[in-house]
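Read through the structure below, which is laid out as structure tokens, and then see the notes.
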Number of protein chains: 2
Amino acid sequence: MLAPIKIRDASLKQIRHACSNCSLRELCLPVGLSRDEMKQVDQLVTQGRPIRRGEYLYRAGQRFHSIYAVRLGFFKTSVISEDGREQVTGFHMNGELMGLDAISTTRHTCDAVALEDGEICELPFDDFESLARRIPALQHHLYRMMSREIVRDHGVMLLLGNMKAEERIAAFLLNLSERFEQRGYSHSSFHLRMTREEIGSYLGLKLETVSRTLSRFQEQGLVKVQNRLINLTDEAGLRQLVSSCVRD
Amino acid sequence: MLAPIKIRDASLKQIRHACSNCSLRELCLPVGLSRDEMKQVDQLVTQGRPIRRGEYLYRAGQRFHSIYAVRLGFFKTSVISEDGREQVTGFHMNGELMGLDAISTTRHTCDAVALEDGEICELPFDDFESLARRIPALQHHLYRMMSREIVRDHGVMLLLGNMKAEERIAAFLLNLSERFEQRGYSHSSFHLRMTREEIGSYLGLKLETVSRTLSRFQEQGLVKVQNRLINLTDEAGLRQLVSSCVRD
DNA sequence: CGAGGGGTTGACAAAAGTCAATTATGGTGG
DNA sequence: CCACCATAATTGACTTTTGTCAACCCCTCG
């Protein structure tokens, strides 16, 4: 989906200097800016702010000022229905944007909370917009990022609308695996940052179903599960489970 | 969601002149542009092209050049999985945009097909983007429209993830009702443009479940169903069903 | 007027949810 | 460092919801 990083070593150093977090640039910001443009972007992005596990970035209903880029950590966004039931709308990691949904109403429409300690960049949206007018690549990049979010959501709709519990969970694990790998972590062994209930909420399943399905996967030798530690022992098998469906 | 139309009669005439379809402007384009800006926007938007029922606007995989604004008619967008299962991602009417998902990959990610004869405006995206740089309100408006799409998708995720068949269908009918009303049609009596199967695909249900649920609603006096003609006879009752996804 | 697509309905099967009991786990304070 | 508590996770028995398969109707269109 994203342009791979193709930066010569020499210029890499420059970029590191201009923006202290490289993966942020790779994932959130366009490549191919001039040095001057990069400097302007960096001035816009406030330095990463540390966030504690359990801390809310924003809550539904709050006034919208900024979008947020995850620099480090693991976040979830969710909408809460009146009776308190939660629908998790996404899990967000390193280099992903949050808060795009709030642009339309100037109020946040969901909650964003850190599932582990992390670091966040805040991008004041008004400033972003006017800067985007002067830097076409930046403008285009935000359109792309929003479009990506729409595509992602369509993928989730497909999952929720068409897939059985096993397929959903297999797809979920593979998706996490891929995203961890993109960030240089192991694709076959990772730690879930969320509870079974949160997984269930995201996938439209009850926590018991999530638990049972993971157990079954383990019996079948597809994964090894130790609480939140996941080992994908048969990725091909998992892929086969979802192969009937489109993945993002 | 959308800013209501607050235009004095005098200027209304001007606008009608500048853009032959008023509801298009109301829904798709920002208000408050100068006459000159409006003229530029209108030059960008090609005149509405007639579209026949069954005709495809674009298909998944095709190269992306333009976004589309529905001027008249009723469209569905859907992704098809490899094994041929369809997930309808949305129904689109008068004044709504389609194709925003394609920006991220420069290829369309879903199919868009007309469910009845209609008329479509094509907006070449490159031109749109550069014009947006010169007209801040236009740039902002597209960000808003994309954000709206994300919010809408989150709503569907909530529906698919948390609601029972009855709740989904009630929510679906009320949503259609509202959108028809916004466009000046009856909110209590309307014609479904899609089959039970397409409704089911959108709502994550089988067509039999859709049919049965509508029959049950009719027995309960909530609606009157004559094939595709729907009469909402107890909107409050429907609304109660949806909000009683509060069941605890 | 007959074929075919869309729609309804019934009987049954499968999937996931609910309730409840039990077992880990991790964080905290003594 | 350990014991304890609250929270998270697992598992089983049973219920509810939805899907599946099949028969049938109805309407339209060629």
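Values reported hereafter were calculated over all heavy atoms of this structure, with side chains retained and with hydrogens, waters and symmetry mates removed. Chain A is the first sequence line, chain B the second, and so forth, proteins listed ahead of strands; every chain is numbered from 1.
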Original post:
For the side chain of Thr213(B) and the backbone of Thr209(B), is there at least one donor-acceptor N/O pair under 3.5 Å apart?
Top reply: yes

Original post:
Between Lys206(B) and dT20(D), is there a side-chain N or O to OP1/OP2 distance below 4.0 Å?
Top reply: yes

**OP:** Would you indicate what Gly200(A) reaches in the nucleic acid, counting non-hydrogen atoms under 4.0 angstrom: base, sugar-phosphate, or nothing?
**Re:** nothing

Original post:
Of the nucleotides dT25(C), dG17(C), dA20(C), which has the atom closest to the Asn227(A) side chain?
Top reply: dT25(C)

Subject >> Partner of Phe91(B) under side-chain contact (heavy atoms from CB on, under 4.5 Å), chosen from Glu96(B), Arg193(B), Lys76(B) >> reply: Lys76(B)

**OP:** For the pair Phe74(B) and Phe180(B), name the ring-plane relationship: parallel under 30°, tilted 30 to 60°, perpendicular over 60°.
**Re:** parallel

Original post:
Should Ser215(A) be listed as having a side-chain N or O under 4.0 Å from OP1 or OP2 of dT11(D)?
Top reply: yes

Original post:
Which nucleotide in the list dA8(D), dT18(D), dT20(D) gets nearest to the side chain of Arg228(A)?
Top reply: dA8(D)

Subject >> Integer-rounded Å distance: dT18(D) P and Glu166(B) CD >> reply: 8 Å

**OP:** Have a look at Leu207(A) and say if it touches a base, only the backbone sugar-phosphate, or nothing, with a 4.0 Å heavy-atom cut-off.
**Re:** base

Subject >> Pairwise 5' ranking along DNA chain C for Lys164(A) and Gln226(A), keeping only the more 5' one >> reply: Lys164(A)

Subject >> Atom-to-atom span, CZ of Arg168(B) to C1' of dT17(D) - whole angstrom >> reply: 11 Å

Subject >> Test applied, side-chain contact (heavy atoms from CB on, under 4.5 Å); reference residue, Tyr58(A); option that passes from Met98(A), His65(A), Arg107(A) >> reply: Met98(A)

Original post:
Under 4.0 Å: is that the gap between some side-chain N or O of Thr209(B) and OP1 or OP2 of dG19(D)?
Top reply: yes

**OP:** Assess whether one donor atom and one acceptor atom, taken from the side chain of Arg212(B) and the base of dG10(C), lie less than 3.5 Å apart.
**Re:** yes

